[in-house]
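See structure below.
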Amino acid sequence: MKLKKKKTNDGTAVNSWLIRRPIKRWFPLFVLPTFLCFVIGFIWPFAQGIYLSFCNFNIPRDAQWVGLSNYAKAFGDASFSHAFWNTASFAVVSILLINLCAFGIAYALTQKMLGANLFRTVFFMPNLIGGVVLGYIWSMIFDAVLKHYNTYLTSNASYGFWGLVILVAWQQIGYMMIIYIAGLQAVPSDMLEAAKIDGANSWQTLTRVIIPNVMSSITICTFLTLTNSFKMFDQNLALTGGAPSVMMNGAKVNMTELLALNIYSTYNINRNWHGVAQAKAVIFFLLVAVLAIGQLVATRSKEVQQ
Amino acid sequence: MKRREMKWLALALAAALPVGLLAGCGSNAAGDGQQGAAADNTQTADNTAAGTDAADTSGAGTDAAGGAGSVYYLNFKPEADAAWQALAATYTEQTGVPVKVVTAASGTYSDTLTAEMAKSEAPTLYNIGNMSGLKDWNDYALDLSGSAIYDERVNDDYVLFDETGAPKALGYCYESFGIIVNKALLSEAGYSLDDIKDFDTLKAVADDIHARAGELGFDAFSAPGLDGSSSWRFSGHLANLPLFYEFRDDNVTEQPATITGAYLDNFRKIWDLYITDTAANATNLDSSTGDESEAQFGNGEAVFYQNGDWEYANLTSADKFGMNPDDLAMIPIYCGVAGEEKAGLNSGTENCWAVNSQASAENIQATLDFMYWVVTSDEGTTMLAEQFSGIPFKHAKASNNVFGANASAYASAGNYTLSWAFNHTPNVDSWRATVVTALAAYSADPSDSNWDKVVEAFVDGWAYEYNVVNG
């Protein structure tokens with residue numbers, strides 16, 4: 001007689017006291033390695049970063065406390081506010097564009113059509129390429145195209161801006177599409193059927209049934225595109241590096257520089273600016289945190305419980 | 001196994017996890033320690049005595065038996081990395097003193113230096129490029145006066161002094177740039193180097209070659225690309241001409257808060273020549289790279305190529321362009337300034353050694369000994385002559401670099417050398433970026449109003465960046 005292995009996959013085992021008790025007692029031990037890594041790799045540098053934003057330093061070891069002067073300098077820096085407005089408009093445009101396109105493609109690809117899986121893969125693929133590589137590739141593409149018009153990518157700030165929008169849309173639409181597809185597939189079919197029976201047309205079905213049901217996907221996708229837009233760095237660096245750089249009213253402005261790149265270039269001016277860059281980074285963190293939390297609260301309230 | 005033992009075993013295993021992760025960071029230090037221990041075995045010198053001796057950094061220090069000291073050299077020039085590694089190995093073999101050479105990737109030196117200096121095993125020998133670099137690192141730069149290596153220098157031209165007048169960084173090589181000429185092509189076009197004496201003659205020759213480019217099969221100038229890989233040749237090096245002449249007139253020796261741009265019309269003259277007498281399309285120079293320009297010259301498609309003596313190896317080595325050294329020469333860049341027929345090449349350095357003053361006394365002594373050995377020993381001077389063109393030390397061997405020889409020939413013929421005035425540029429990368437933007441726009445549409453933008457980037461940009469750096 002063959003021995004048959006019995007499958008015990010009914011979930012009751014996990015709830016058993018015999019298993020739960022050791023987990024309860026021992027979990028701090030198993031959390032310890034991860035927790036240590038978290039402290040070393042995140043909490044400690046973060047705390048040190050905040051401390052350094054109040055200091056003048058070349059290397060962290062010889063930091064000297066200077067109080068709020070770094071923050072004063074950061075707020076007085078015209079390039080920082082220019083970068084902020086650049087980033088804000090970039091965020092608005094890319095959030096709208098990416099989410100609309102991603103949702104549209106996801107909607108199309110959840111209909112019964114030939115090769116839908118192939119298309120999903122193809123749309124997702126740009127996301128697998130790193131930002132710096134993408135930036136260089138796209139700068140070559142844009143320059144090759146603009147060459148026909150006797151111009152070049154960094155000749156005009158709006159080329160650089162829209163170039164970055166195109167690049168980021170191309171990269172992120174596929175990723176958001178996957179999230180939307182998952183959301184769309186989770187819309188209960190009985191609800192769709194009921195809507196059909198009640199005589200709802202496809203627009204009504206979309207706006208009254210589908211969208212409220214995928215609200216959680218919309219929350220996560222707007223959260224991701226918002227934070228991605230604000231944290232945009234490598235694509236910005238590789239595509240234009242902030243160029244064109246022009247003198248405007250006696251001050252220098254990098255026309256296509258976003259916030260993260262501005263912080264990076266501030267750090268590289270000289271040792272007196274290291275602390276200012278750190279202060280800008282703290283301001284940047286607070287800004288992104290406030291925006292992201294605000295957005296989460298706003299879209300969460302529209303989610304429906306199934 | 002008993003329960004209690006199990007507990008401790010689990011705890012030990014859990015603790016070992018992050019240790020394993022961190023081991024990567026610590027391995028260098030451990031390696032050094034072993035090397036240091038090995039060195040101790042080969043050295044018989046009394047460690048404690050060596051320690052007190054080493055505190056006296058002004059000692060001649062010709063004997064390398066420093067005991068526990070070690071050298072960590074953070075190298076600035078990626079192209080010389082292999083040569084430094086080999087030389088360091090030779091030194092360790094001969095003296096037992098460990099020498100670690102680390103080279104920062106191109107364009108990341110200041111980041112790497114900051115990161116390495118923050119470590120407990122910080123570099124003992126590193127590079128300071130110019131005066132603003134010295135301002136950042138003055139606290140970490142040893143006063144070199146009285147050291148044996150400092151007394152080996154030929155003059156003060158390549159020394160960086162701090163505000164108190166103490167020599168803090170010592171140039172170990174200097175470089176020259178100008179217009180590299182393919183003499184073979186020049187004679188094919190019916191000219192020789194003697195036909196080029198100043199801007200007007202240069203322009204006459206270049207205009208003629210450009211006009212006959214179709215028939216000759218080559219053009220005058222290689223592409224004046226303004227891509228990031230090439231723009232420094234113009235926003236940095238070519239810009240040295242107007243800066244040098246202005247500073248010479250005004251006796252400027254320190255970083256000035258403002259510049260007048262008195263010679264920018266001359267800058268425009270030479271730039272116009274570059275963008276006119278070339279096969280490159282001037283409307284999109286922004287995407288034209290340094291490799292492209294180098295290849296045009298290397299493959300015999302252009303007679304003139306503005307660059308420096310560091311190009312010598314690329315142009316002549318068999319696995320790159322394999323040009324005949326006899327066909328190559330470097331001439332001054334002419335821009336129509338009065339008396340420029342007596343001009344020489346643009347010579348200067350961004351390669352200055354600084355010794356980390358916060359390193360331990362033994363390591364400082366070991367580093368000074370190593371530097372002294374590099375510039376005096378047969379192996380060291382050979383390596384310097386092979387890698388660099390100009391070496392400002394008493395025992396330097398002659399370099400086989402043709403362009404370096406050109407630089408010396410001009411100097412000994414009584415021509416004035418154009419020093420690197422651009423070393424005074426405030427917030428240099430940022431200032432250059434603005435100039436490049438304006439130059440690219442001007443090249444696409446060479447109008448007077450676009451040239452005004454170049455002037456604005458030059459003059460107003462300088463004042464702005466000066467305030468940023470010193471504000």
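Proteins come first, then strands; the chains are lettered A, B, ... in the order of their sequence lines, and each starts at number 1.
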TODO: Would you mind reporting whether B:T114 and A:F57 have side-chain heavy atoms less than 4.5 Å apart?
DONE: no
TODO: Please look at B:A440 and chain A and tell me whether the side chain, the backbone, both or neither of the residue comes under 4.5 angstrom of a heavy atom of that chain.
DONE: both
Open item on the list: Let me confirm one number: the CG-OH distance from A:D62 to B:Y140, rounded to the nearest 0.5 Å.
Closed with: 3.5 Å
Open item on the list: Closer than 3.5 angstrom, by distance alone: can the side chain of B:T437 be matched with the main-chain N or O of A:S245 as a donor-acceptor pair?
Closed with: yes
- [ ] Inspect the surroundings of OH in A:Y51 and state if more than 12 heavy atoms from other residues, nucleotides or ligands are less than 6.0 Å away.
- [x] yes
Open item on the list: Please check: side-chain N/O of A:R271 versus main-chain N/O of B:K135, any donor-acceptor pairing under 3.5 Å?
Closed with: no
TODO: Rounded to the nearest 0.5 Å, what's the gap from CD1 on A:I269 to OG on B:S132? Could you check?
DONE: 12.0 Å
Open item on the list: Just to verify, what does B:E116 make a salt bridge (Lys or Arg N to Asp or Glu O under 4.0 Å) with, not counting sequence neighbours?
Closed with: B:K119
Task: Interface moiety of B:N427 toward chain A, non-hydrogen atoms closer than 4.5 Å - done: side chain
- [ ] Would you mind telling me which of A:K73, A:M140, A:M247, A:R61 has the largest number of heavy-atom pairs within less than 4.5 Å of chain B?
- [x] A:M247
Open item on the list: Treating A:Y152 as the side-chain partner and B:A441 as the backbone partner, does any N or O pair qualify as donor plus acceptor under 3.5 Å?
Closed with: yes
Task: Crowding at OH, B:Y109 (>12 non-hydrogen neighbours, <6.0 Å) - done: yes
TODO: Could you look at A:N150 and say if it's the side chain, the backbone, both or neither that has a heavy atom under 4.5 Å from chain B?
DONE: both
TODO: Count the heavy atoms of every other residue, nucleotide or ligand shown that sit under 6.0 Å from CH2 of A:W85, and state whether that count exceeds 12.
DONE: no
- [ ] Select one option (side chain, backbone, both, neither) describing which atoms of B:N470 are under 4.5 Å from chain A's heavy atoms.
- [x] neither
TODO: Could you go through the side chain to side chain contact (heavy atoms under 4.5 Å, CB included) check for B:N284 and A:Y149 one step at a time?
DONE: CA-CA 10 Å; B:N284 48 24; A:Y149 303 97; over 6 Å; no
Open item on the list: Can you tell me which of B:D429, B:D460, B:D286 forms the most heavy-atom pairs within a distance under 4.5 Å of chain A?
Closed with: B:D286
Task: Shortest non-hydrogen separation from B:V469 to A:N272 and the atoms involved - done: O-ND2, 3.9 Å
Task: Contacting moiety of A:T151, where chain B heavy atoms sit under 4.5 Å - done: backbone
Open item on the list: Keeping A:W273 on the side-chain end and B:V468 on the backbone end, is there a donor-acceptor pair under 3.5 Å?
Closed with: yes
Open item on the list: What part of B:D445 gets within 4.5 angstrom of chain A, counting heavy atoms only: side chain, backbone, both, or neither?
Closed with: neither
Open item on the list: With heavy-atom distances below 4.5 Å as the criterion, would you say the side chains of A:N268 and B:D111 are in contact?
Closed with: yes
Task: Portion of B:K453 that has a non-hydrogen atom of chain A nearer than 4.5 angstrom - done: neither
Task: Point-to-point distance, once rounded to the nearest 0.5 Å, from CG of A:N58 to CE of B:M117 - done: 9.0 Å
Task: A:K147-B:S287 side chain donor-acceptor pair, cut-off 3.5 Å - done: no
Open item on the list: Taking B:S430's backbone N and O only, do any of them form a donor-acceptor pair with A:K252's side chain (distance below 3.5 Å, no angle check)?
Closed with: yes
